[in-house]
Asker: 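Before anything else, here's the structure in question.
Every number for a ligand or one of its atoms is a count from 1 in the order of the listing. The figures that follow rest on heavy atoms only: side chains count, while hydrogens, waters and symmetry mates do not.
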Amino acid sequence: MTFAEEPADILARLRELREGDAPTHGGHVLSYVYDPGLAELDELAADAARLMQPVNGLDPTTFGSVAALERDLLGFVRGLLHGDSDVVGTVTTGGTESCLLAVKTARDAWVAAGGTGQPRLVMPVTAHAAFQKAAHYFGLVLDLVPVSAEGVVSASAIEERLGDDVALVVVSAPSYPTATLDPVAEVAALTSARGIPLHVDACIGGLVLPFWPGLPAWDFAVPGVTSVSADLHKYGYAPKGVSVLLQRGRDRQRMQYFATTRWPGYPVVNPTILGSKSAGPLAAAWAITHALGVEGFQALADSTRRSTAAIVEAVDAIEGLRVVGTPTGPLLAVAADPAVSAERQVDPHHWADAARGLGFVLQLQPASSGIPSTTHLTITPVTESVLPDLLGVLTTAADAVRGIPHVDPTAALGQLPPLTGPLDSDTAAAILAGFGIGAGGALPDTLAPLLAIIEVTPPPLAERLLTELLARLIEPHE
Ligand SMILES: *Cc1c(COP(=O)(O)O)cnc(C)c1O
C-alpha cells in the first residue's frame, strides 16, 4: 500500500520534535535520565528491545522468551539484594507499578489475615509519592511520619504509629527528596516483632547501593524486610519501562496476582497491573545486565561515586549553599545555608534557574513537611565526562544569584479569586494564565516563581492547577 505520509518524512518530524527535548545523553540533565555514558550499551539495549517488539508480555506461556528473560533478570537482582530462594518476584513496568503492587499485596494479605475496616499505610513523608498514589488507588489510610529538616526519620517515630490496622510500613533506600537511607534494620526489628510487613523502596538505589561501600544492611539481608522495589530503568541503565518487585515468601507474593476464569474469554492471570504489555524494556534490561555483569555495574557505580563526592565537596565550598543531611548514594539535595547572613545565602531555586541558563538542568523541589526549598541532583556515570564544566557552572550560578531572596509569591497569589468550591477547568486555566502559563503549557524561563507559588498554595488547589496544566498540554489542537 502507499502510506498517507512518507516514513522518512514522519521520522524527520519526530527527530525535530526530539531536538526540542532536554538532552537525554551527555550528563546535562541531572534527574529523570540515567546515562551510563556507553553508546554500545544503548545500542545493545535498543537491539534487544527491537527483537522483542512484536511480543506480548501478557502471556509467558505463549511467549516463553518472556518467562526466560524475567526469570534470569529476577535472579540477577535477587542475588544483588541478598534474597534467598524464598524471595520471588515480578518484572513490572516501572517504579510506580512496583510500589503500587507492594501496597496492593500488603492490603490483600491484611484482609486475608482477618483485618476489617480500612488498613493503614505508615511511611516517612519522604517516601516516594507513588505510595501516596497507592494508598489513594487501593483505599488505605495514608499515615505520614514526620522527618527532621535533614530528611531523617527516627525508628521510634515509626514505632508510635504501629498497630493492628497497619497493613504495611515503607522505608526508602534511599529516599528521593533528600537521599536519606532510612533506618531499615531498626524499623524491621519493630515491624517484624508485631508481624507487620516492611517494604524497602529501593527504586532508585536498588541497582547502585549494592556497589556502594560501607553501608549498613538495608535489603533482604535484614530479616524483617518483606519486599523490595528496584528500578532497572534507573541505575540498571535500561530504557524506561522496567523495574522489579521482589517479595519474601511465595504465599505472600501470590496475593499480588489477579486471576479470573469468570468470563467467556481467555483465563486472565496477571501478576502486574497491565494486561497486554511490551517486553522490550525487559529484554533491554536483561541484555544490559549480561553485558555489564557485576563488575561492569561496580565500575559504573565507582565512577558515579567519585562524581558525587566531587559535587558534594564543590557545594560545600560554595558560600551560601549546603548539602541537606547525609546523602547515601548518587543523589543529593541542596538548600540555602542558614549559617551565613541573608545577603550571602544562595536560594536553591534561583541557583537551579541560573544553572539551567548555563546548560545544566537541575530539579527544583518545593519546601514541604519541614524540609526547606531544595534543588535535587541525580548523578550518573556520564557525569564524570562533564564534571569540570558542571562544577564550574554550579559555582558561577551561585555567584550570579547570591543574596537574591526566595521568590515572594504574595503578589501572584493576590490574583487568585476567592475559592468557594471545586474549580472548573476554565477557571483553573484562567488562574494559570494569570501566572503566565499559557494554554500550550509553555512554562516560563525561570521556575523559581512557579515553585514559590506551589509552596504556599494549599495542596488541593495546587494539585488542581497542575492537573489542569498537564491536561491542557495534551489536548488536541482545534
Ligand atoms: C523513581 C522512584 C520511584 C518511582 O519510580 P518511577 O519509575 O518513576 O515510576 C519510587 N521510589 C523512588 C525512591 C524513586 O526514586
Side-chain angles (χ1 to χ4, degrees), residues 22 24 29-35 73 77 81 89-104 106 121 123-137 142 144 147 151-153 168-182 184 187 198-210 212 215 218-219 225 227-246 272-274 277-278 280-282 284-285 304 308 324-325 327-333 362-363 365 368-369 371 374 376-380 470:
T24 56
V29 177
L30 286 100
S31 61
Y32 296 137
V33 290
Y34 301 79
D35 181 359
L73 187 59
V77 180
L81 302 183
T90 327
V91 175
T92 72
T93 56
T96 296
E97 194 181 21
S98 293
C99 299
L100 290 173
L101 288 168
V103 174
K104 183 262 190 228
L121 174 60
M123 64 190 205
V125 290
T126 44
H128 197 276
F131 292 96
Q132 300 193 12
K133 188 182 202 174
H136 181 72
Y137 278 11
L142 184 63
L144 296 176
V147 300
V152 176
V153 71
L168 185 67
V169 174
V170 174
V171 289
S172 305
S175 71
Y176 189 88
T178 55
T180 307
L181 178 60
D182 286 335
V184 177
V187 175
L198 177 64
H199 180 79
V200 176
D201 180 22
C203 276
I204 199 158
L207 275 293
V208 68
L209 293 194
W212 218 256
L215 300 183
W218 59 269
D219 57 13
V225 170
S227 53
V228 179
S229 47
D231 291 353
L232 274 306
H233 66 201
K234 287 179 180 159
Y235 288 95
Y237 312 109
K240 292 297 179 258
V242 55
S243 168
V244 302
L245 173 61
L246 290 165
T272 61
I273 295 171
L274 297 185
K277 63 184 175 188
S278 169
L282 161 66
T304 308
T308 306
V324 176
T328 297
L331 52 154
L332 57 127
L362 315 180
Q363 192 175 50
Q365 301 188 127
S368 177
S369 317
I371 296 175
T374 57
H376 169 104
L377 288 81
T378 289
I379 292 97
T380 60
L470 272 289

Asker: Below 4.0 Å from any atom of ligand 1, is there a heavy atom belonging to His233?
Answerer: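 The answer is yes: ligand 1 sits under 4.0 Å from a heavy atom of His233.
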Asker: Measure across Ala284 and Pro239 and return the closest heavy-atom pair with its distance rounded to 0.1 Å.
Answerer: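 In terms of heavy atoms, the two residues are closest at CB-CD, 3.4 Å.
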Asker: If we ignore angles and hydrogens, is there a donor and acceptor under 3.5 Å between the side chains of Ser229 and Asp201?
Answerer: yes
Asker: Determine, considering heavy atoms only, which of Ile204, Leu232, Asp201 sits nearest to atom 11 (N) of ligand 1.
Answerer: Asp201
Asker: If a pair satisfies side chain to side chain donor-acceptor pair (under 3.5 Å) and one of its residues is in residues 123-136, list it, with sequence neighbours excluded.
Answerer: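 Listed by first then second residue: nothing to list.
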Asker: Kindly identify the option in Leu331, Thr378, Thr92, Thr96 whose heavy atom sits closest to atom 9 (O) of ligand 1.
Answerer: Thr96
Asker: Quick one: does any side-chain atom of His199 pair with a main-chain N or O of Val170 as donor and acceptor, under 3.5 Å?
Answerer: no
Asker: Note the single closest protein heavy atom to atom 5 (O) of ligand 1, along with its residue, its atom name and the distance in Å.
Answerer: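 For atom 5 (O) of ligand 1, the nearest protein heavy atom is Gly95 CA, 3.2 Å.
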Asker: Looking at residues at least two apart in the chain, or sitting in another chain, which of them share a ring pair (Phe, Tyr, Trp, His ring centres under 6.0 Å) with His376?
Answerer: Tyr176
Asker: Which one holds for Lys234 and ligand 1: side chain close, backbone close, both close, or neither close, with close meaning a heavy atom under 4.0 Å?
Answerer: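 Side chain only.
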Asker: Considering only heavy atoms of Tyr176, which atoms of ligand 1 have at least one such atom less than 4.0 Å away?
Answerer: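 Reading through ligand 1 atom by atom, the close ones are 15 (O).
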